[in-house]
Amino acid sequence: MNIKDERKKNMTTASRDSLEQATGELFSELWGPYDKQLFDESVELFFSRLRLASFDADWFKDKTCLDAGCGGGRNSIAMARLGASEVTGIDLGVKGLADAERRAEGMDNVQFECASILDIPFDDEVFDLVWCAGVLMITADEERALDELARVVKKGGYLYLLVYATEGMRWPLIQLLRPLATHLGRSVIEDAVASAGLASNKRRTFLDDLFCPRLDFYHWDRLSRMLADRGFHQTHRWDEGCRLDHEEDLASYRTDLESLLSIFVAGDSEEFGENRSLFESGRKAIEATVDSIRWFESAVSEGELSSEAAMDCVIGQGHHRVLAVKED
Ligand SMILES: C[S@@+](CC[C@H](N)C(=O)[O-])C[C@H]1O[C@@H](n2cnc3c(N)ncnc32)[C@H](O)[C@@H]1O
């Protein structure tokens, strides 16, 4: 390697490290405030996903699973409860991992480790299942991340990915709000979140979307090509024919954005001094989107549009949830 290449590699490594550090710090703080009930509900979500996808929960018995980017450990704990012989959760966020350990106390088939999915500290082909939910699109290097995830899956084993897709009114709005949030700063937004009185799960999703240092969106063709390039040809889409969470229907989608709106409404007040006008801009952008959704809702209720057609316009394919099999 010549000096120029060496310098380029070091710079890339440095920017990757600082991005990972910022990501780890952001997420570290987001899981702790979940109370027991909210956390249990988030574990329950894993089981309901399996049911919706008609995936046999008994499959987990005696399996070895990696929860890559485990956050506060909800999915690791769910897999361990289903009887996996060993579940390992890795993440960059030290406090999130400590929360996960606390919540998994007394379970002997789940462990947590601070590690990056860009350098997974395990040998090749050791896991029956690698679960990676909401992580790929925020990593510093998605190609390398996918290489690593693919490397540690056993032949014939599964890789589950959840990533943001390209459609729906939510993402352009988030893209518009991210620079405003960056300019306002995390602590000012946190004050507005507190004023708005948002629940800790809403706080987590909005702070995640507004502040994660990198955010990407995947068209299905791109994601399926990335998987096929790594020997994952058989893919089962878990969101085919069903909509989940706030994408269930127009009203849920709107209500979720109204929670986001409440942050900017709270910030658009005297209390926020010179930051008020930036909050006001954000508020107007969210209100415009909410108004558009209301238009579609009334078009449906007046019989001008079918509910499916309206949901395709407003929500579209907002996420990809895919279970892919590694070829033998
Ligand atoms: C949206 S959260 C999802 C957490 C968890 N998968 C869940 O569904 O509850 C994304 C998580 O990915 C983690 N993360 C981001 N980049 C990572 C990386 N390179 N290696 C390990 N974890 C990473 C973040 O720290 C964060 O906890």
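In each ligand, atom 1 is the first atom listed, and ligand 1 is the first ligand listed. In this chain, numbering begins with 1 at the start of the sequence shown.
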*Can a non-hydrogen atom of Gly96 be found less than 4.0 Å from any atom of ligand 1?*
no

*Heavy atom of Ala145, distance to ligand 1 below 4.0 Å*: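 Contact check Ala145 vs ligand 1: negative.
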
*Considering only NZ, NE, NH1 and NH2 on the basic side and carboxylate oxygens on the acidic side, decide whether Glu125 and Lys326 come within less than 4.0 Å.*
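A salt bridge is present here (some side-chain N lies under 4.0 Å from a carboxylate O).
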
Top protein contact for [atom], by heavy-atom distance:
atom	value
atom 16 (N) of ligand 1	Leu92 CD1, 3.6 Å
atom 26 (C) of ligand 1	Phe27 CG, 3.3 Å
atom 20 (N) of ligand 1	Ile117 N, 2.9 Å
atom 9 (O) of ligand 1	Arg74 NE, 2.5 Å
atom 3 (C) of ligand 1	Ala133 O, 3.4 Å
atom 19 (N) of ligand 1	Glu20 OE2, 2.8 Å
atom 15 (C) of ligand 1	Thr23 CG2, 3.5 Å
atom 27 (O) of ligand 1	Asp91 OD2, 2.7 Å

Is [X] in polar range of ligand 1, meaning some N or O pair under 3.5 Å apart?
X	answer
Asp67	no
Asn75	yes
Val135	no
Gly134	no
Thr139	no
Gly69	yes
Asp208	no

*With backbone taken as N, CA, C and O and side chain as the heavy atoms from C-beta onward, which portion of Leu30 lies under 4.0 Å from ligand 1: side chain, backbone, both, or neither?*
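It is neither part, as no heavy atom is under 4.0 Å.
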
*Where on Ala140 is there a heavy atom closer than 4.0 Å to ligand 1, on the side chain, on the backbone, on both, or on neither?*
neither

*Please could you name the atoms of ligand 1 that Gly71 approaches to less than 4.0 Å, counting only its heavy atoms?*
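Once the distances to Gly71 are compared, the set is 4 (C), 27 (O).
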
*Run the numbers for me: atoms of ligand 1, each under 4.0 Å from some heavy atom of Cys70, listed by number.*
5 (C)

*Output the distance between atom CZ (Phe39) and atom CD (Glu44), rounded to the nearest 0.5 Å.*
12.5 Å

Does a side chain donor of either [X] or [Y] reach within less than 3.5 Å of an acceptor in the other side chain?
X	Y	value
Gln111	Glu86	yes
Asp256	Ser259	no
Tyr218	Glu142	yes

*Distance under 6.0 Å and angle within 45° of the ring axis: does Arg49 meet both against Phe46?*
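Pair Arg49/Phe46 does not count as cation-pi.
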
*Test: Arg321 cationic atom under 6.0 Å from Tyr160 six-membered ring centre, within 45° of axis*: no

*Leu19-Leu215 co-clustered via ILVMFWY side chain contacts under 4.5 Å*: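 No: no chain of side-chain contacts under 4.5 Å links Leu19 to Leu215.
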
*Taking Tyr158 as the fixed residue, which of Phe127, Trp59, Trp131 is the one that meets the ring-ring contact (aromatic ring centres under 6.0 Å, His included) rule?*
Trp59

*Give me the ring orientation class for Phe264 and Phe279: parallel if the planes are under 30° apart, tilted from 30 to 60°, perpendicular past 60°.*
perpendicular

*Has the side chain of Thr205 got a donor or acceptor atom that lies under 3.5 Å from a matching backbone atom of Asn201?*
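Indeed, once roles are kept as given, a pair shorter than 3.5 Å links the two residues.
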
*asked:* Regarding atom 21 (C) of ligand 1: of the candidates Ala100, Pro213, Ala115, Ala68, which has the closest heavy atom?
replied: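 That would be Ala115.
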
*With a 4.5 Å limit on heavy-atom distance, are the side chains of Val322 and Leu223 in contact?*
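Yes. Closest side-chain heavy atoms under 4.5 Å.
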
*asked:* Side chains of Met169 and Phe296, heavy atoms from C-beta outward: is any pair under 4.5 Å?
replied: yes

